[in-house]
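Heads up: the structure comes next, in structure tokens.
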2 protein chains.
Amino acid sequence: MKQPDATRLVDVAAAAGVSLATASRAMTGGTGVSDELAEHVRAIAERLGYVPNLHARGLAGGLVSSIGLVVHEIGDPYFAEIASGVLHRASLAGQSVQITHADRDPRSELTQVNALMMQRVGSIIIAGSGYTDPALEAPLGDALAQYRTRGGRVAVIGRHHLDVDAVLPDNHAAGVSVATHLTGLGHRRIGVIAGPLGLNTVSDRLDGLRSVFDSTGVHVTVVSHSFTREGGIDGTNALLDRGSPVTAMVALNDAMALGVLRALRQRGMRVPEDVSVAGFDDIAVVSDVAPALTTARIPMAEMGAQAVALILRAEADEPRRISMGHELIVRASTAAPPD
Amino acid sequence: MKQPDATRLVDVAAAAGVSLATASRAMTGGTGVSDELAEHVRAIAERLGYVPNLHARGLAGGLVSSIGLVVHEIGDPYFAEIASGVLHRASLAGQSVQITHADRDPRSELTQVNALMMQRVGSIIIAGSGYTDPALEAPLGDALAQYRTRGGRVAVIGRHHLDVDAVLPDNHAAGVSVATHLTGLGHRRIGVIAGPLGLNTVSDRLDGLRSVFDSTGVHVTVVSHSFTREGGIDGTNALLDRGSPVTAMVALNDAMALGVLRALRQRGMRVPEDVSVAGFDDIAVVSDVAPALTTARIPMAEMGAQAVALILRAEADEPRRISMGHELIVRASTAAPPD
DNA sequence: CTGAAAGCGCTTACAG
DNA sequence: CTGAAAGCGCTTACAG
């Protein structure tokens, strides 16, 4: 367990002929050392292959420079792409990233955040939707508030009832875009395959859709299932079994849209001839499915990168909000309704 | 930065009426405490909301219980699925996971591993292919050897020239399965869209294919491009522009296969009527593309979980090898060649 | 600008 | 089985 050979800061200090304190200041870029001396110390450190012990650093100073990223499930392309953006941006800043699964459960989220805090990570990024019910986020909010008083930095991706820096996806507007596209094509009976209505992501996208549908006299049927490919299959079957005649279906994320496509195929319904299908996110694969999916692109990797940018800056008086745009990507899965 | 309120182990010890040493033993499950006393201490700790400071622990004891996972790119479904398996299994064991990008570059890999070591993570899992050239892995091997003498645990996923525990995907056999499937269908002119030939994953799969093709008198054309969807597109165009008439194409991973499908579509060639296509991995999406892809399934998530299982066990005298199976998933993208 | 010293919160020999 | 004490490698007031 011991590493008698590891060179420590004292060794560097001795070799450089300075005190431990000075060596420390030189290495951490702290103020109060002449540039030449600092340069000298760093050269010695380099030559000796000095590697700082982050645990000692963490113990002595408090929080350590690393990021805790809480995702729903890293195997989900939506989160994998966010994580990719986080990792790239973090590595530029020399910060390490620890990833944990929250399984889209408020309690689990709290558990993970507590674990991250106990590890003294310097910042925490929570990716994944907030909940429409503020009460569900209250415990998390308390934990985070306490963490922030200790100097911890926090950023969330998505709309939360949390008083922290946030990167906001354009969910409502994306809903409007998708709805406008569909109504513009002439659809008047539309089915919406939603995820859990308690998620802000779902709620915001749905509201965006509805704002257009309602003012266009579109007949909307909404079914809510799990926010996954399986949920898309179940939702489609539920909707169709119910006998609701629709000419278009909107899945509230691409994972569900993939399920919709699959269910439709199994039922022998053609897309877009019999029914149009649209999704949200533009995860990498949806341009390769058949037919290629029309979807509202959310810049996942960029959101991850922006979240890192937020936590890298000092906390402001007011929580910062970075709004991201979206882009409607029209592909082959949507067309005018059948006559 | 300070947290004057955090309850420390001394506080727990005081409240429990025992010494710091005893409290420590009780909390870490160390031997040498009566069960009752240990139980008592833990109850007090629980009540006080005691959370151990891992940095103090790491400083005092050496390595800390957390896992460093090195992947090529977390946005790539292959690695995202491996990571998912790692995260699930690790959370069961109460270990945190830190993920870093290595960008499929030996030097970057070494840099990442060094960073992980300097953070005193207790174990390191390297996912991603090894290199056919042993020299490329030598520096990494040295770093890892040193790390292991300090008590660090190491496991790799995939074949490496590294003397450590390994989870081995069934690449050669998977190649045999794909080749057998294709020759069985009657294909005699086959194109292989390979990734970099210096990667063991590529080399092993190719060898597997060749062992069958060679003994069946199949005419094989191999092109090598980047191990991505783009590489699949480029490879397909290169192969076809060269005028090599093939009735089937094998991409050495599903990402490339997606590119092949796309390139073929753009050229107006039908799959499988004009040309059959097969891949490797069975990443989640390939069952949804059109036509659904025939592929050799590699159990990514399971490999990740197995790697964690390996590092959780103490090091053995001889490196352990866990061989994973594969499964040929025949879907719509392969059929008999056109007459 | 530089140094001596205290302290961060644990674990682990070393003694009983 | 239990305790007193040293030590892990840093950072940061506190002095000069």
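In this text the structure is predicted, and so the values were computed from the model without any measurement. Proteins get letters first, then strands, A, B, ... in listed order; numbering begins at 1 in each.
- Put simply, CG on L59(A) is 11 Å from C1' on dT11(D), counting in whole angstrom units.
- Here dG7(C) presents its P atom at 17 Å from CG of N53(B), a figure rounded to the nearest Å.
- In this structure, the CG atom of L9(B) is 19 Å from the P atom of dG7(C), given to the nearest Å.
- Here dT11(D) is the nucleotide among dC10(C), dT11(D), dT2(D) with the atom lying nearest to any side-chain atom of L20(A).
- Between the CZ atom of R8(A) and the P atom of dT11(D) there is a distance of 14 Å, rounded to whole Å.
- Taking atom C1' in both dG16(C) and dT12(C), one finds a spacing of 16 Å when rounded to whole Å.
- Nearest-nucleotide positions on DNA chain D place A23(B) closer to the 5' end than the other of A56(B) and A23(B).
- In this entry the distance linking CG of L37(A) with P of dG3(C) reads 7 Å, nearest Å.
- Below the 3.5 angstrom threshold, one finds a donor paired with an acceptor across the side chain of R25(A) and the base of dG3(C).
- No more than 12 heavy atoms of other residues, nucleotides or ligands shown are found within 6.0 angstrom of CZ on R313(A).
- In terms of phosphate contacts, S24(A) brings no side-chain nitrogen or oxygen within less than 4.0 Å of OP1 or OP2 of dT12(D).
- Regarding L54(B), its CG atom lies at a distance of 13 Å from the C1' atom of dT11(C), rounded to whole Å.
- If you check dG3(D) for Watson-Crick or wobble pairing at under 3.5 angstrom, you find it paired to dC14(C).
- In this structure, CZ of R57(B) is placed 18 Å from C1' of dG7(D), rounded to the nearest angstrom.
- Rounded to a whole Å, the CE atom of M27(B) is 12 Å from the C1' atom of dC10(C).
- For the pair S91(B)/T100(A), no side-chain contact is recorded, criterion being any heavy-atom separation below 4.5 Å from C-beta on.
- Close to dG3(C), at under 4.0 Å from its OP1 or OP2, lies a side-chain N or O of T22(A).
- Under 4.0 angstrom from either OP1 or OP2 of dT2(C) there lies no side-chain N or O belonging to S19(A).
- Atom CZ of R107(A) has 12 or fewer heavy atoms from other residues, nucleotides or ligands within 6.0 Å.
- Candidate nucleotides dA4(C), dC10(D), dT2(D) were compared by shortest atom distance to the side chain of A21(A), and dA4(C) ranks first.
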